[in-house]
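Here's the structure, in structure tokens; my notes come after.
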Amino acid sequence: MGAVNQHGNCKMSEAHKLLVLAGDGIGPEVMREVARIVHWLDANRGLKLDITEELVGAASLAVHGVPIRDEVIDLARKSDAVLFGSVGDPAWSHVGFDKRPEVAILKLRKELELFANLRPAQLFDALIDASALKPEVVRGLDIMIVRETVGGIYFGEPRGIETLPDGSRRGINTEVYTTSEIERVARVAFEMARQRGNRVCSVEKCNVMESGLLWKEVVTDLHKREYQDVELSHMLADNCAMQLVRNPNQFDVIVTGNLFGDILSDLASMLTGSLGMLPSATLGIVREDGKRNALYEPIHGSAPDIAGKGIANPLAQILSFAMLLRYSLNRAEDAELIEKAVSNVLASGLRTADIMSPGMARVGTDMMGQAVLREMEKLA
Ligand code: IPM
Ligand code: MG
């Protein structure tokens, strides 16, 4: 991405420290489009970034033998924000869990205690025909899924695959949530709701899982103590999946655990037209220096099937960078500029393959990135 700070006219100390981890597959391709925007903001709007780039995922495995090095985790800890691409490569699907490319993102979340993953599902008007649902069902869609990301079955112990005395094998994972883990993510959801539609729907499976029962109790208690002004409802995860397809506009903020959040956010993304459209922010604990750990990534993966073809949609990565500007660098105006530019580009009829519909103009990654930049120039 290049060291943007070197040619800036302000002091190094004023530059925000950004760690860029493009990762695998389409990750580096879509990240390149963010780099253009970074340079433009540097030249035109005084955004000073001190950028470090590192390898993660299969790219790191190939060079260093591990999905992420401890030095990289350390760098992440000292950065103002991390911009992440995507990890995953079928070439590494046969290896043990500690050597999978996916470990990179899981470890970052865990080590930096990035516990609240914000996944907005917003429909751009111009994409209404790309949605899997009828226009009248999705029009105006604006949901925020708050997914817990350092607990639950992703990290619970015991876990593993064991061989039983009869020679057959048993795979084990454990869903675990503590009161404080539930409370801190619920707090983020309630705060978020206050700035939006003021409604939270808490999602679990309390009908079959003790951890779900505790989830519901803790959220209810917190609501009673501190957030009575926000409207709270509860829903079972399977019903929530169904309701998201039946009538998605009933939701404002959804708060849920790691696994349900993973599934429901993929589902919600399709309501907006494509997995290639959705950004996310993962917020962590507030550090000693007063800054909050945070990582920004598109919710799509490395898409090995289309990697290297120049056809990937860069918009989720670009919109993730906009979230970074808003939440970590306090630059809401730049974030809005990017979001407005994306909206205008879509309105002008440009489409990457994943959001293509009849009558629109199909473009590749590169052209889409350039179009966003041109639009930013016009709007600025
Ligand atoms: C996501 C991804 C990750 C997850 C994978 C890559 C480990 O699907 O961010 O949604 O399951 O959390
Ligand atoms: Mg996922």
Side-chain angles (χ1 to χ4, degrees), residues 21-28 30-31 55-61 66-68 73 76 82-93 95-121 143-156 159 173-175 177 181 185 203 237 240-241 244 254-272 274-284 293-305 307 312-313 316-317 319-320 323-324 354:
L21 306 170
D24 306 323
I26 62 169
V30 293
M31 199 65 91
L55 299 176
V56 285
S60 171
L61 276 159
V66 287
I68 186 164
I73 303 266
V82 180
L83 185 64
F84 195 89
S86 36
V87 287
D89 185 336
W92 293 89
S93 60
V95 297
F97 268 106
D98 53 327
K99 278 219 157 185
R100 297 251 172 131
E102 287 83 354
V103 168
I105 184 64
L106 297 177
K107 220 169 167 179
L108 276 166
R109 286 177 188 158
K110 193 70 180 174
E111 297 279 325
L112 272 71
E113 259 190 278
L114 299 165
F115 64 86
N117 186 204
L118 314 181
R119 300 193 154 186
I143 301 174
M144 177 68 84
I145 297 185
V146 180
R147 168 192 177 196
E148 200 290 330
T149 25
V150 295
I153 202 163
Y154 272 51
F155 296 98
R159 63 183 299 156
N173 291 92
T174 310
E175 173 84 355
Y177 270 115
E181 283 173 335
V185 74
V203 172
C240 180
L244 273 169
I254 291 175
V255 62
T256 189
N258 209 341
L259 183 61
F260 296 144
D262 182 43
I263 298 167
L264 295 174
S265 60
D266 265 32
L267 192 159
S269 77
M270 258 338 269
L271 306 178
T272 71
S274 167
L275 199 56
M277 289 302 302
L278 289 201
S280 81
T282 318
L283 306 180
N293 282 342
L295 178 146
Y296 301 81
E297 57 172 329
I299 88 156
H300 64 67
S302 56
D305 53 325
N313 184 348
Q317 189 75 62
L319 292 169
S320 298
M323 286 185 95
L324 185 155
D354 57 314

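Just follow the structure's listing: the first ligand is 1, and inside any ligand the first atom is 1. One-based numbering along the sequence shown.
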(message) Between Arg159 and Thr174 (side chain of the first, backbone of the second, donor and acceptor by atom type, cut-off under 3.5 Å), is there such a pair?
(response) no
(request) Indicate the atoms forming the closest heavy-atom contact of Val87 with Ala104, along with that distance. (result) CG1-CB, 4.3 Å
(message) If we ignore hydrogens and angles and just use 3.5 Å, is the side chain of Glu148 paired with the main-chain N or O of Val150 as donor and acceptor?
(response) yes
(message) Suppose the cut-off is 2.8 Å; how many protein N/O/S atoms fall inside it around the Mg ion (ligand 2)?
(response) 1
Need the list: ligand 1 N/O atoms against protein N/O atoms, distance under 3.5 Å, rounded to one decimal.
residue  : atom   : partner : partner atom : Å
ligand 1 : 8 (O)  : Asp262  : OD1          : 3.3
ligand 1 : 9 (O)  : Arg109  : NH2          : 2.8
ligand 1 : 9 (O)  : Arg119  : NH2          : 2.8
ligand 1 : 10 (O) : Arg119  : NH1          : 3.1
ligand 1 : 10 (O) : Arg119  : NH2          : 3.1
ligand 1 : 10 (O) : Arg147  : NH1          : 3.3
ligand 1 : 10 (O) : Asp262  : OD1          : 2.8
ligand 1 : 11 (O) : Tyr154  : OH           : 2.5
ligand 1 : 12 (O) : Arg109  : NH1          : 2.8
ligand 1 : 12 (O) : Arg147  : NH1          : 3.3
ligand 1 : 12 (O) : Arg147  : NH2          : 2.8

(request) Could you walk me through whether Asp266 and Ile299 pass the side-chain contact (heavy atoms from CB on, under 4.5 Å) test, one step at a time? (result) CA-CA 8 Å; Asp266 265 32; Ile299 88 156; 3.9 Å; yes
(message) Check whether Gln317 reaches the backbone of Phe84 with its side chain - one donor and one acceptor, N or O, closer than 3.5 Å.
(response) yes
(message) Side chains of Ser302 and Asp24 only: does a donor on one sit below 3.5 Å from an acceptor on the other?
(response) no
(message) Taking Arg147's backbone N and O only, do any of them form a donor-acceptor pair with Thr256's side chain (distance below 3.5 Å, no angle check)?
(response) no
(request) List the steps, then state whether side-chain contact (heavy atoms from CB on, under 4.5 Å) holds for Leu106 with Phe155. (result) CA-CA 9 Å; Leu106 297 177; Phe155 296 98; 4.3 Å; yes
(message) If you define the side chain from C-beta out and look only at heavy atoms, does anything of Leu112 sit under 4.5 Å from Leu295?
(response) no
